[in-house]
Amino acid sequence: MTEEIKKGLQGVVVDETKVSEVMPEINSLTYRGYTVQELCEKCSFEEVAYLVLNGELPNKNELKKFKKIEKKNRSISKYLEKIIKNLPKNSNPMDVARTAVSIMGLEDKETQDNSQKANMRKAVRILSKTPTAIAAFFRSRRGKKIIKPKKKLTFSENFFHMCFGKVPKAEIIRAFDVSLILYAEHSFNVSTFTARTITSSLSDIHGAITGAIASLKGSLHGGANEAVMDMMHEIKKPKNAKKWILNALNKKKLIMGFGHRVYRSGDSRVPTMKKYFIKVAKIKKDEKFSKIYEIVETEMIKKKNIYPNVDYPTGPTYHLMGFDNDFFTPIFVMARITGWSAHIIEQHGSNKLIRPLSKYSGQEYRKVKFIDKR
Ligand code: COA
């Protein structure tokens with residue numbers, strides 16, 4: 001047989017989705033028909049989470065109910081808290097997030113129920129508890145006391161409270177909320193496709209999200225926001241930036257936070273996130289990284305015609321907010337749980353086992369020869 005191999009499934013349409021659309025022609029990303037730019041301007045992360053999961057923006061009562069359930073489910077079990085406290089301090093926080101969701105699956109009374117209603121309830125529980133687990137490790141590996149979630153705070157405020165014991169200025173919270181909105185969903189990217197693939201064998205939502213977190217960890221996907229900050233630290237000062245990037249390009253290095261499989265002339269999420277990154281840099285009175293940002297971006301476009309993706313501005317934004325580098329991708333997880341869950345529910349709704357073919361390129365057909373074992 002001579003089938004054409006589509007490595008990386010590039011250009012292959014594998015299914016339909018009603019969750020979001022990446023529109024490279026107009027450089028836009030829409031969730032359930034709304035552009036992310038407009039959602040960032042007009043909505044909170046909670047409203048967008050509801051939209052991604054349910055298909056419509058919530059009315060006042062629906063939002064109130066959704067927020068109440070999200071707040072009610074924030075606590076993690078004593079058992080999970082104890083495990084997190086006892087994990088090796090040098091564990092990768094993405095592995096901690098993955099383990100935490102896996103344990104939540106052991107504890108959830110509805111794990112084996114894959115009905116749409118049960119999946120929706122489990123999705124909200126995972127969304128509520130995962131930030132608590134991530135913040136618990138953020139504190140415990142620094143030798144600090146774990147801080148319990150507070151019901152009167154929003155999703156974003158509560159995360160800062162659990163990590164730092166205080167809630168920052170409203171502008172910082174807004175920038176964080178916007179980053180979560182931008183990270184909430186992105187069609188058939190690798191982690192979402194992983195979640196859908198796991199689901200397609202009729203496995204459960206905790207397993208699918210655990211697998212998706214493992215996929216997001218990689219530096220070609222979510223891990224890029226951390227790699228961006230490593231690069232900025234290596235550049236150190238704006239005056240080093242041009243030389244550094246030209247040298248890296250000469251050496252054919254991959255520049256993290258640039259390029260995209262679908263967008264070829266810019267990621268639609270970047271202008272919004274860049275605006276908030278610049279705001280945060282001004283508030284923090286630390287504009288070193290925003291200057292480096294501009295120089296590297298200009299050279300990448302000029303020399304390679306490659307544009308930044310959303311991980312480019314989020315990395316330095318999270319750094320300025322006080323998060324450790326290796327917590328940037330777990331923050332991405334907190335937001336993307338909404339998109340993954342919506343896709344898992346959609347996959348269960350019209351399932352077909354995902355099972356592609358491969359072209360064999362190994363040893364030719366042969367027989368086991370007699371082996372003298374004496
Ligand atoms: N830095 C330098 N060169 C890059 C680049 C980058 N970030 N992204 C793409 N290129 C180059 C490739 O080397 C390739 O050049 P070539 O044709 O001379 O070999 C060309 O652009 C096409 O790239 P390709 O690897 O085919 O694109 P892809 O669709 O397979 O990859 C990414 C998309 C996102 C995996 C890729 O751009 C990348 O690795 N970016 C860095 C990681 C990152 O930021 N990931 C987050 C994604 S949201």
Side-chain angles (χ1 to χ4, degrees), residues 5-14 20-25 27-29 31 36 94 178-195 212-235 241-274 277 289 292-293 295-319 325-326 328-333 335-336 339-340 343:
I5 297 174
K6 299 262 183 174
K7 227 165 156 91
L9 296 181
Q10 188 154 10
V12 177
V13 178
V14 292
S20 70
E21 186 178 16
V22 182
M23 303 167 79
E25 335 69 77
N27 254 6
S28 206
L29 167 64
Y31 299 165
V36 283
M94 279 300 277
V178 162
S179 76
L180 297 184
I181 293 173
L182 295 173
Y183 270 148
E185 161 58 11
H186 211 197
S187 73
F188 274 47
N189 55 77
V190 56
S191 60
T192 302
F193 189 60
T194 302
I213 295 174
S215 164
L216 188 73
K217 181 185 173 191
S219 63
L220 293 189
H221 191 13
N225 58 9
E226 298 177 10
V228 166
M229 211 49 228
D230 293 338
M231 172 182 82
M232 296 230 171
H233 282 307
E234 208 182 307
I235 295 174
K242 189 167 176 180
K243 197 172 160 201
W244 189 96
I245 184 69
L246 294 180
N247 191 29
L249 290 178
N250 264 342
K251 289 184 180 155
K252 305 248 173 277
K253 266 196 184 173
L254 196 59
I255 310 302
M256 291 301 168
F258 283 84
H260 200 275
R261 173 59 63 84
V262 185
Y263 303 113
R264 294 295 182 184
S265 56
D267 174 337
S268 61
R269 299 165 297 176
V270 168
T272 308
M273 197 59 230
K274 183 178 174 183
F277 162 49
F289 295 118
I292 295 177
Y293 181 108
I295 299 165
V296 172
E297 181 186 51
T298 308
E299 292 306 319
M300 278 300 282
I301 297 171
K302 204 160 96 186
K303 294 275 173 321
K304 298 277 293 183
N305 200 27
I306 298 177
Y307 289 78
N309 57 58
V310 74
D311 292 317
Y312 190 54
T314 53
T317 308
Y318 292 152
H319 168 79
N325 263 27
D326 52 0
F328 300 174
T329 320
I331 294 171
F332 187 161
V333 167
R336 187 55 63 86
W340 290 331
H343 280 276

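Whatever order the structure lists ligands and atoms in, that order sets their numbers, starting from 1. Reckoned from all heavy atoms, side chains included, excluding hydrogens, waters and symmetry mates.
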For ligand 1 and Met300, I'd like to know whether there is a polar contact (N/O to N/O, distance under 3.5 Å). no

So, for atom 45 (N) of ligand 1, does the protein have a heavy atom nearer than 4.0 Å? yes

Neighbour count >12 (heavy atoms, 6.0 Å) for atom NZ, Lys243: no

So which protein heavy atom does atom 47 (C) of ligand 1 come closest to, and at what separation? Asn309 ND2, 3.6 Å

Geometry only, no angles: is Ile306 polar-contacting ligand 1 at N/O separations under 3.5 Å? no

At the 4.0 Å heavy-atom cut-off, does Lys252 count as touching ligand 1? no

The closest protein heavy-atom partner of atom 5 (C) of ligand 1 is Leu254 CD1, 3.6 Å

What atoms of ligand 1 come closer than 4.0 angstrom to any heavy atom of Ala224? 43 (C), 44 (O), 45 (N), 46 (C)

Can the ring centres of His343 and Phe188 be said to be less than 6.0 Å apart? yes

Check Asp267 against Val310 and note the closest heavy-atom contact, atom names and distance. OD2-N, 3.0 Å

Per-atom contact, atom 30 (O) of ligand 1, protein heavy atoms, under 4.0 angstrom: yes

Protein residue, atom and distance nearest to atom 42 (C) of ligand 1, heavy-atom basis: Met256 SD, 3.4 Å

Below 30° counts as parallel, above 60° as perpendicular, anything between as tilted: where do the rings of Phe277 and Tyr293 land? tilted

Would you verify that at least one protein heavy atom lies under 4.0 Å from atom 39 (O) of ligand 1, or report that none does? yes

Within the 4.0 Å heavy-atom cut-off, what Ile255 brings close to ligand 1 is both

Using a strict cut-off of 4.0 Å, indicate which atoms of ligand 1 neighbour a heavy atom of Leu220. 39 (O), 45 (N), 46 (C), 47 (C)

Distance below 4.0 Å between atom 33 (C) of ligand 1 and any protein heavy atom? yes

Which part of Asp311 is near ligand 1, with near meaning a heavy atom under 4.0 Å away: side chain, backbone, both or neither? side chain

Atom 28 (P) of ligand 1 [closest protein heavy-atom partner, distance rounded to 0.1 Å]: Arg261 NE, 3.7 Å

So is Gly257 polar-close to ligand 1, meaning N/O to N/O under 3.5 Å? yes

In the protein, which heavy atom is nearest to atom 18 (O) of ligand 1, and how far is it? Lys304 NZ, 5.0 Å

Non-hydrogen atoms of His221 versus ligand 1: any pair closer than 4.0 Å? yes

What about Arg269: any of its N or O atoms under 3.5 Å from an N or O on ligand 1? no

So, the side chain of Glu297 versus the backbone of Glu299: is there a donor-acceptor pair under 3.5 Å, distance only? no

Within the structure, does at least one protein heavy atom fall under 4.0 Å of atom 13 (O) of ligand 1? no

At what distance is the nearest protein heavy atom to atom 27 (O) of ligand 1, and which residue and atom is it? Arg264 NH1, 3.7 Å

Could you say whether the N/O atoms of Leu249 and ligand 1 ever approach to under 3.5 Å? no

Determine whether any protein heavy atom is located less than 4.0 Å from atom 24 (P) of ligand 1. no

Would you call the rings of His319 and His233 parallel, tilted or perpendicular, where under 30° means parallel and over 60° means perpendicular? perpendicular

Non-hydrogen protein atom less than 4.0 angstrom from atom 16 (P) of ligand 1: no

Does the protein put any heavy atom within less than 4.0 Å of atom 10 (N) of ligand 1? yes

So if I count the atoms of ligand 1 from 1 in the order they appear, which ones are less than 4.0 Å from some heavy atom of Lys253? 2 (C)

Tell me if a side-chain donor or acceptor on Asn309 pairs with a main-chain N or O of Tyr307 at a distance below 3.5 Å. no

Between His186 and Phe332, is the gap from one ring center to the other below 6.0 Å? no

In the protein, which heavy atom is nearest to atom 41 (C) of ligand 1, and how far is it? Phe258 O, 3.4 Å

